[in-house]
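In what follows, a single structure is set out as structure tokens and then discussed.
Chain A is the first sequence line, chain B the second, and so forth, proteins listed ahead of strands; every chain is numbered from 1.
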Amino acid sequence: MEQTARVLSQLGSKDQPSKEFQSLVRQIGEAKTKHEEDRIIKKEAALLKDKVGGRDVTKRQMREYLIRLIYCEMLGVECSWGYIHAVKFTQTGSTLDKRIGYLAASLFLHEGHELNVLLVATLQKDLKSSNMLEVSMALVSICKLVGADMIPPLLPLVQDKLLHPKQLVRKKAVMAMHRFLLLSPDSISHLEDDFRRSLSDQDPGVMEAALILFHDLIKNGPIKYKDLTESFAMILTQVIDRKLPEEFNYHGVPAPWMQMRLLRILALLGADDLRTSEKIYPVVERVIGSAECNSDIGQAISYECIKTVATIYPNNSVVSTTAKCLSRFVTSTNNDWRYLGINGLASLVQVNPKYAQEHQMVVIDCLDDPDDTLRRKTLDLLYKMTNPLNVVVITEKLIGYLRQTRDEYIRADLVSKVTQLAERFAPDNIWFIQTMNAIFELGGNLVRREVAHNLMRLIAEGTDDERTDVELRQDAVSNYIELLDKPNLPDILIKIICWVVGEYSYVLEDTDTEEILEKITRLLMRTFEDKTTTNWVVSSVTKLVARLGSMPDNVQSQVAVYLASTDTDVQQRCNELLELSQNLSMMQTVLPLDSACEDLEVDSSLSFLDDFVTQSLAQGASRYKPPHLRPAVLQRNQAPQAKEIRFEEYPMPAPPSFHRPAPLPSSPSPSPRVPRRPSEDSPLSSPTSARSQIAHSVTTAPSGSLQYAPSELSTSGIAVKTQRVWGNKGYVKEVPSVPVATPPIATTTTSPQQPVTVATREGEEGEEEGGSERSERSGESPSKPITAAGPLVSFPSMLANCMQCENYEVERQRHNRQINYT
Amino acid sequence: MLKFVLLVNKQGQTRLSQYYEYVPVEERVTTEADIVRKCLSRNEESCSFMEYKNFKVVFRRYASLYFIVGVDNSENELSILEFIHNIVETFDRYFESVCELDVSPLHTVVYASKISIGF
């Protein structure tokens with residue numbers, strides 16, 4: 001506690017931490033269990049919440065509350081109600097308060113937080129201040145808190161600070177720029193000259209900050225900075241020659257982190273570029289030479305050199321020097337060093353595989369090391385070392401590791417590695433299939449789908465040699481049949497098995513197709529994670545039934561269960577299977593053996609239906625009109641509708657001759673299964689499309705939906721626009737010449753009405769069908785005028801009109817009057 | 001790039017934590033507990049680094065306190081190890097011998113000094 005007081009006084013505060021704070025810390029320190037700690041902290045948080053919101057909290061108290069708030073958050077209790085106080089504190093006067101405020105804000109808030117906006121103005125003010133401390137605090141907070149959208153107001157101010165007389169401020173300004181770069185590289189792309197100036201700054205601290213900045217700039221695009229290679233090399237040489245001030249030495253090594261940073265930069269610049277690499281070789285050799293081999297930090301620098309050499313354009317002498325360096329790592333007893341050695345080997349091996357040979361004993365030892373991290377790294381090394389000779393052994397090791405690890409990330413990583421190795425280096429197809437099977441079994445959900453498809457395509461297409469194809473398929477099928485007996489296979493594997501077995505089970509002469517069919521059918525009873533798997537199973541069953549030539553009963557019953565499935569795909573397949581199985585010889589033609597790779601010929605003109613069509617036309621069906629030729633569209637395109645309000649009074653309706661039907665309960669609910677028409681197509685101007693609509697609606701909806709008794713319509717309040725010519729007893733011969741007055745619907749005018757009405761009468765006279773059902777009229781003569789209005793009213797059009805109808809009551813009454821006449 | 005710095009004691013109590021990427025508060029607690037458990041299960045012989053989820057964790061034990069640093073995959077682990085040591089030495093020199101319990105009340109100061117070091 002005395003220390004705390006002393007240190008705090010150094011910071012400029014004259015307070016002692018209060019008794020409460022001291023007791024809190026003591027309690028936390030002595031808490032024996034997490035539970036107790038949680039309890040104490042929650043109590044503290046609740047206490048703070050009360051106090052902080054209080055009226056007369058002095059600055060001093062507030063400072064302490066903020067510190068305690070930080071403490072609570074650190075221990076896991078979220079205190080978001082306190083954030084605003086931190087922000088307010090940054091805006092207050094004294095430097096110490098600002099410091100605590102900024103500290104709290106940078107710990108509580110994060111990049112996208114909504115309170116950040118409040119800070120922007122404060123930051124700007126502080127950046128302009130003449131007090132160096134305030135400027136520094138602002139810069140540091142920018143590093144932590146700023147988001148991409150906050151950059152524009154702050155950028156010019158920070159840019160000024162790059163030239164501040166105080167080196168500490170310059171350094172922080174460079175760090176702030178670095179942060180801007182990470183958020184949005186374009187925002188600072190115009191400042192390159194400034195950065196280069198910082199790089200050659202007098203103060204090594206500023207220079208180091210600039211190095212960090214350049215590192216990320218170069219990561220994004222090395223080409224622009226290749227001219228700086230010599231500068232970097234020169235800086236590195238100076239560092240090794242101990243030209244930097246003493247303070248930068250760490251355990252005798254001059255500025256080790258700067259060295260490492262420079263090495264990384266040089267690696268990026270020299271990658272794949274001989275000329276640039278040539279400038280780098282001498283420096284790197286010097287660094288390797290001067291690195292102390294006995295200390296951790298010296299080894300760290302050496303490791304960085306190894307990585308650099310492995311990345312830049314290879315040069316034999318440099319590489320061999322590096323390899324010597326590497327052997328010190330690999331042969332040491334320190335596990336950390338061995339770990340780095342393995343890593344280094346992994347990168348060097350890509351330059352020249354022979355280095356792996358030298359150390360292979362060590363590598364094999366590491367593979368069985370009790371240390372898990374080391375084992376994993378060795379597996380990585382093996383992966384990089386794979387070539388066609390050792391792929392079998394290495395994949396075995398990798399799969400072995402996959403079997404016993406539980407960590408999801410590691411498993412995903414291993415699965416992708418093994419897949420890549422198998423695809424690149426597989427010695428033969430059979431091995432490939434077996435390996436892939438093992439992978440699917442162990443990590444099915446982690447494998448990409450394309451891999452499964454590749455596998456299936458491999459089996460289907462095969463090679464040019466017929467015999468190997470057959471062998472391959474035999475092997476695959478027998479493997480998969482065995483696998484079927486295992487429980488809990490992942491979905492992707494089931495899909496593959498079903499497909500392969502379904503397509504190619506005929507290859508195995510000595511197996512019983514019925515038995516296979518039995519096994520596959522049993523799969524139907526499982527529920528899968530991926531719903532589409534059932535489809536694959538059903539397809540497989542279909543193919544097997546075709547091959548078998550008969551449909552066993554249990555299969556039939558299993559499949560029948562799925563007929564009621566909610567998944568339409570499964571339903572369709574089951575239906576197809578059952579239908580086809582009625583006619584097994586046809587089934588066998590439809591599903592011939594070994595035709596997975598043959599193209600399907602699609603007759604898109606549906607020429608096989610030609611007979612049917614000519615027959616129907618002869619019987620009077622109307623020819624299909626493509627949408628752009630339909631009258632509704634034609635009319636709409638020809639006559640742009642003027643939307644006018646009608647000012648004249650509507651004429652009185654003439655007394656019609658319909659009789660009134662029995663009243664029905666008013667249940668205006670329309671059948672939900674009739675498709676709704678878009679309201680643009682008003683029924684009056686598109687009669688034929690109304691009819692085709694009706695045709696559609698009849699075929700898609702079960703027949704019950706369109707059978708409204710006319711009275712239903714009357715009481716439902718739906719406005720009926722066209723003439724009512726169908727009564728209870730059927731077609732009514734005499735049609736009253738009631739001008740069908742349209743309500744003021746925006747989309748129709750009165751003009752189309754006349755021809756429609758006329759045509760209605762014409763159309764009606766041609767009709768002889770009875771019944772009040774609206775059924776499909778296939779018997780219409782094709783010579784009907786295009787604008788013939790059907791007396792039918794399609795329900796969707798009524799609904800559409802209903803929606804547009806403004807004068808509902810008027811319409812209803814008019815409709816009732818019409819019904820009276822029926 | 002550093003992701004976070006934690007100071008955790010052997011019982012798993014967090015003494016200090018500083019995150020350089022935003023992680024929600026609940027997630028922090030669970031992650032910290034998980035990592036500490038893994039660190040505690042290591043013995044003397046094994047590496048001071050491990051892979052955790054998709055990043056690496058470097059840790060070092062000083063008496064009863066574990067200094068844990070999370071870094072991304074491109075970082076040189078040994079350099080981070082030395083970096084931890086550098087921090088410890090700095091604290092030592094600034095506070096003139098620190099022990100674990102001192103860190104807790106001093107944590108504010110620690111934060112402030114960390115910022116001034118520049119990490």
Side-chain angles (χ1 to χ4, degrees), chain A residues 1 3-4 7-8 11 17 21-22 25 28-29 31-32 34 37 67 70-71 73-78 99-100 103 106-107 110-113 136 140 144 171-172 175 209 250-251 256-257 260 264 296-297 299-301 303-304 307 335-340 370-374 376 407 409-410, chain B residues 1 9 11-26 28-30 32-33 42-54 56 74 76-83 85-86 89 94-98 100-102 104-113 115-116 118:
Chain A
M1 281 307 135
Q3 285 215 28
T4 317
V7 168
L8 279 175
L11 279 181
F21 189 32
Q22 294 184 24
V25 170
I28 295 282
K32 293 283 178 288
K34 186 96 178 91
E37 191 183 288
I67 295 178
I70 298 176
Y71 206 60
E73 274 251 335
M74 185 183 84
L75 288 172
V77 178
E78 189 172 337
R99 188 169 195 158
I100 305 275
L103 180 64
S106 58
L107 287 170
H110 57 92
E111 204 176 290
H113 205 278
S136 314
V140 168
K144 279 249 37 210
K171 176 170 164 182
K172 293 191 207 276
M175 294 309 296
Y250 174 78
H251 289 210
W257 290 285
M260 289 191 258
R264 269 179 241 169
D296 272 343
I297 190 66
Q299 286 291 74
I301 299 180
Y303 175 66
E304 205 59 53
K307 289 246 293 255
N335 263 12
D336 295 337
W337 291 17
R338 275 206 291 180
Y339 178 93
L340 287 184
D371 184 354
D372 197 44
T373 318
L374 203 53
R376 271 218 61 204
D407 183 328
Y409 284 87
I410 299 181
Chain B
M1 283 282 288
N9 80 350
Q11 275 83 40
Q13 296 172 318
T14 310
R15 294 296 177 211
L16 191 78
S17 78
Q18 174 127 7
Y19 283 81
Y20 297 100
E21 287 175 346
Y22 176 60
V23 177
V25 180
E26 305 84 25
R28 285 186 207 182
V29 177
T30 40
E32 284 167 26
R42 294 244 164 193
N43 59 13
E44 281 298 316
E45 285 292 311
S46 41
C47 291
S48 309
F49 343 111
M50 59 184 188
E51 309 207 8
Y52 180 77
K53 295 205 177 146
N54 59 344
K56 295 193 214 179
S74 63
N76 180 346
E77 291 93 341
L78 207 52
S79 79
I80 299 291
L81 208 57
E82 289 303 299
F83 174 63
H85 195 67
N86 200 6
E89 285 187 354
Y94 191 64
F95 298 115
E96 289 166 11
S97 93
V98 198
E100 178 202 334
L101 288 180
D102 286 337
S104 319
L106 291 172
H107 70 284
T108 328
V109 182
V110 168
Y111 281 126
S113 64
I115 290 180
S116 60

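For the pair Tyr339(A) (side chain) and Glu77(B) (backbone), a donor-acceptor distance under 3.5 Å is absent. Although no hydrogens or angles enter the test, the distance criterion places a donor-acceptor pair under 3.5 Å between the side chain of Arg28(B) and the main chain of Val23(B).
Neither the backbone nor the side chain of Tyr52(B) comes within less than 4.5 Å of any heavy atom in chain A. Contacts of Ile297(A) with chain B are made by both backbone and side-chain atoms, with heavy-atom separations under 4.5 Å. For Glu78(A), the parts lying under 4.5 angstrom from a heavy atom of chain B are both the backbone and the side chain. Using a 4.5 Å cut-off between heavy atoms, Glu89(B) contacts chain A through its side chain alone, with no backbone atom that close.
Per-residue counts of heavy-atom pairs under 4.5 Å with chain A were compared for Lys53(B), Glu51(B), Arg42(B), Glu21(B); the largest is that of Lys53(B). Highest contact tally toward chain B, considering only Lys307(A), Arg338(A), His251(A), is held by His251(A) [criterion: heavy-atom pairs under 4.5 Å]. The candidate with the highest count of non-hydrogen atom pairs below 4.5 Å against chain A, out of Val29(B), Asn54(B), Asn76(B), is Asn76(B). Note on Thr373(A), Asp371(A), Asp336(A), Asn335(A): by heavy-atom pairs under 4.5 Å with chain B, the leading option is Asp336(A).
Taking both residues in full, the closest heavy atoms of Tyr19(B) and Lys144(A) are given as O-NZ, 3.2 Å, listed atom of the first, atom of the second, then distance. Across every non-hydrogen atom of Met74(A) and Thr14(B), the tightest pair is CE-O, 3.7 Å. Nearest heavy atoms, Ser79(B) versus Arg264(A): OG-NH2, 4.3 Å.
In this structure the side chain of Asp296(A) reaches within 4.5 angstrom of the side chain of Trp337(A), judged on heavy atoms.
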